[in-house]
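Data block below; observations after.
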Amino acid sequence: MTDSHPDIRFGYPCQNETLSATTNRGIKLASIEDVERIRNKIGENLNDLKQMLLWNREMGIQLFRIGQHLIPFASHPSFPYEWAAYHRESMEQIGEIARETEQRLSMHPGQFINPGSPNDEVVERSLAELTYSATVLDLMNANNGVIVLHLGGAYGDKPSAMRRFIEVMRHESQINRYLALEVDERVWTAAEVTEVANELGVGAIIDNLHHRLNPGDLSLEDAIRLARPTWETRPKLHLSSQDPSKKAGAHHASILPEDWFELLGALNGEEADIMVEAKGKEKAVLPLL
DNA sequence: TGATGTCAAGCCGTG
DNA sequence: CACGGCTTGACATCA
């Protein structure tokens, strides 16, 4: 690495269009008792995950986000068998491939996961999904794995929502080992996310597009500088470009050079792990390598 | 096989 | 006040 090329690694989420591979096959809840069907789906997801990691190795891609549907309905009370025990061996094998090829694995629970919700049932379901995510990373021995999560709702009172989030998550050590909190595009700013991350001792993730739409009073460079110390290891960031034909926040198929250079400039030569969020998946990563 | 309506869940902002 | 959008499109059924 030269001074003009800081140590940057890239990755993409969940699917590979070149391989027609995905970790996100699922089932309908109505089929939850069809054990054979679920096991087949999971087998396909795990096999595709393995194929993508092997492909990534050839391409020099070192980050990969596992889709939440890897084990569909794993956190649902009706899931019909002990998935962790049953799929342990293949997940261990996948973890070994990731480790040997120095790929950092992550997961990203979606919009329904709100540990700061005032509704106890929402909190309970959220913790179940986060525990599932952490268990997947545990089984893969993903020591530098990351669970990416937004702070979620503000419920009209941000300070209270932050307090609830911190109180609920404070003792969740299995989850917090991997947890990182990401800026979102309309509610929680980089300053607020970093504050909660510091309270919990977890990472804060800056996303260039979210930050542009919801910057608070920080420049991108300041936001990245603020979030940097939350990471004991390499910081993770998200990079995407606006789809010009869609509403604000919608991901473009590829990364526009000006967005990449803006983020690169804001990094000030620091090392970083950058998850590329683009409709074009791995094809948007290749030009950046 | 291809088209199409549907899918566990929460929240916010818009029209 | 109902609905779209987020996210990761894929499932399930019916021509």
Side-chain angles (χ1 to χ4, degrees), chain A residues 11-17 19-34 36-38 40-45 48-49 52 63-80 105-133 136 147-158 160-162 164-165 168 182-189 192 205 207 209-210 213-214 238 240 242-243 245-253 275-285:
Chain A
Y12 60 98
C14 307
Q15 295 165 262
N16 182 304
E17 297 190 346
L19 298 175
S20 288
T22 179
T23 56
N24 273 331
R25 292 178 192 80
I27 54 158
K28 294 285 173 73
L29 185 54
S31 315
I32 191 73
E33 288 178 11
D34 190 341
E36 217 33 56
R37 181 177 187 76
I38 299 176
N40 284 338
K41 291 290 178 192
I42 294 171
E44 291 179 77
N45 283 343
D48 274 15
L49 173 54
M52 288 189 274
L63 308 182
F64 188 77
R65 180 191 298 165
I66 299 166
Q68 285 306 116
H69 285 180
L70 184 74
I71 315 287
F73 291 110
S75 71
H76 193 283
S78 303
F79 193 89
L105 300 173
S106 60
M107 296 185 76
H108 190 354
Q111 61 269 41
F112 305 108
I113 307 311
N114 287 282
S117 173
N119 179 334
D120 289 344
E121 292 176 9
V122 173
V123 173
E124 190 181 348
R125 281 197 295 271
S126 297
L127 289 176
E129 181 73 7
L130 289 164
T131 299
Y132 148 65
S133 309
V136 168
I147 297 173
V148 180
L149 184 67
H150 294 289
L151 274 179
Y155 312 92
D157 179 354
K158 278 188 172 181
S160 298
M162 289 166 85
R164 282 195 306 272
F165 190 100
V168 166
E182 187 195 353
V183 176
D184 68 83
E185 68 195 46
R186 35 175 205 212
V187 181
W188 299 101
T189 64
E192 291 160 341
I205 295 180
D207 176 307
L209 188 55
H210 291 162
L213 295 165
N214 185 24
H238 289 178
S240 62
Q242 173 67 45
D243 185 330
S245 70
K246 294 193 180 155
K247 63 178 288 186
H251 289 158
H252 195 40
M275 179 60 64
V276 175
E277 298 191 317
K279 293 292 178 197
K281 303 294 174 209
E282 83 287 353
K283 287 175 186 150
V285 176

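Below, chains carry the letters A, B, ... as their sequence lines are ordered, and counting in each starts from 1.
- C:dC11 and B:dG10 have their P atoms separated by 23 Å, given to the nearest Å.
- With hydrogens and angles ignored, the 3.5 Å screen pairs no side-chain donor or acceptor of A:H251 with any backbone N or O of A:A278.
- When distances run from any side-chain atom of A:S117 to the nucleotides B:dA8, B:dC11, C:dG9, the shortest one goes to B:dC11.
- Within 4.0 Å of A:S126, counting heavy atoms only, lies no atom of the nucleic acid at all.
- Stacking between A:F112 and B:dG10 is absent: the ring centroid is not both under 5.5 Å from the six-membered base ring centre and under 30° in plane angle.
- Contact annotation: A:S31 does not reach the phosphate of C:dC11 (side-chain N/O to OP1 or OP2, under 4.0 Å).
- Note: CD (A:E44) to C1' (C:dC11) measures 12 Å, nearest angstrom.
- Atom NE2 of A:H108 and atom CG of A:L149 lie 7.5 Å apart (nearest 0.5 Å).
- Within the 4.0 Å cut-off from OP1 or OP2 of C:dG9, not a single side-chain nitrogen or oxygen of A:K28 is found.
- A straight line from CZ of A:F73 to P of C:dA10 spans 15 Å, rounded to a whole angstrom.
- Nucleotides B:dC7 and C:dC6 have their C1' atoms positioned 15 Å apart, rounded to a whole Å.
- Relative to the side chain of A:R186, the nucleotides B:dG13, B:dA8, C:dT7 differ in distance, and B:dG13 lies closest.
- Between the side chain of A:Q242 and the backbone N or O of A:G249, at least one donor-acceptor pair lies under 3.5 Å.
- Screening residues 112-124 of chain A for side-chain hydrogen bond (donor to acceptor under 3.5 Å, both in side chains) gives no qualifying pairs among residues at least two apart or on separate chains.
- For A:K281 and C:dT8, the shortest distance from a side-chain N or O to OP1 or OP2 is not below 4.0 Å.
- Summarising the geometry, the separation between NZ on A:K41 and P on C:dT8 is reported as 19 Å, rounded to the nearest angstrom.
- The residue A:G110 sits apart from the nucleic acid: no heavy atom pair falls under 4.0 Å.
- When heavy atoms are screened at a 4.0 angstrom cut-off, A:S75 is found touching base atoms of the nucleic acid.
- Comparing the P positions of C:dC3 and B:dT6 gives an interatomic distance of 14 Å, to the nearest angstrom.
- Note: OH (A:Y155) to P (B:dG10) measures 10 Å, nearest angstrom.
- Comparing C:dG9 with C:dG5, their P atoms sit 14 Å apart, to the nearest whole Å.
- Residue A:I113 has its side chain nearest to B:dA9 when only C:dC11, C:dT8, B:dA9 are considered.
- Under 3.5 Å, the side chains of A:E277 and A:S240 contain no donor-acceptor pair of N or O atoms.
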Dot-bracket, 5' to 3', for DNA chain B please: Watson-Crick or G-U pairs under 3.5 Å, [ ] where pairs cross earlier ones, | where the partner sits on another strand, dots elsewhere. |||||||..||||||

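- When distances are taken from the side chain of A:K247 to each of C:dT8, B:dA8, C:dG5, the shortest belongs to C:dG5.
- Out of C:dT8, B:dG10, C:dG9, the shortest distance to the side chain of A:H108 is found at C:dT8.
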CA sep, side-chain torsions, deciding dist, call: A:E17, A:K283, side-chain contact (heavy atoms from CB on, under 4.5 Å): CA-CA 8 Å; A:E17 297 190 346; A:K283 287 175 186 150; 4.0 Å; yes

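- Residues A:E129 and A:F112 fail the side-chain proximity criterion, which asks for heavy atoms closer than 4.5 Å.
- If you check every strand for non-hydrogen atoms under 4.0 Å, A:K246 touches nothing.
- Counting to the nearest Å, the C1' atom of C:dT7 and the CG atom of A:D207 are 13 Å from each other.
- Under the salt bridge (Lys or Arg N to Asp or Glu O under 4.0 Å) criterion, A:D48 pairs with A:R25, sequence neighbours left out.
- Among the heavy atoms of the strands lying under 4.0 Å from A:N114 are primed sugar atoms or P, OP1, OP2 only; no base atom is included.
- For the pair A:L127 CG and B:dA8 P, the interatomic distance rounds to 22 Å; values are reported in whole Å.
- Atom CG in A:L149 sits about 13 Å away from atom C1' in B:dC11, given to the nearest Å.
- For A:A154, counting side-chain heavy atoms from C-beta on, the closest listed nucleotide (C:dC11, B:dG10, B:dC12) is B:dC12.
- Among the atoms of the strands shown, only primed sugar atoms or phosphate atoms (P, OP1, OP2) are found under 4.0 Å from some heavy atom of A:Q15.
- Between the CZ atom of A:F79 and the P atom of B:dA8 there is a distance of 15 Å, given to the nearest Å.
- Comparing B:dA8, C:dC11, C:dT8 by their nearest atom to the side chain of A:E129 picks out B:dA8.
- In this structure the side chain of A:T23 reaches within 4.5 angstrom of the side chain of A:F64, judged on heavy atoms.
- Across all strands, A:E121 comes closer than 4.0 Å to no nucleic acid atom at all (heavy-atom distances).
- Side chain of A:H69 to main chain of A:G26: no donor-acceptor pair is present (N/O by atom type, distance under 3.5 Å, no hydrogens or angles).
- Using a 4.0 Å heavy-atom distance criterion, A:T23 is classed as making no nucleic acid contact.
- Distances were taken from every side-chain heavy atom of A:R125 (C-beta onward) to each of C:dC11, B:dA9, C:dT7; the shortest belongs to B:dA9.
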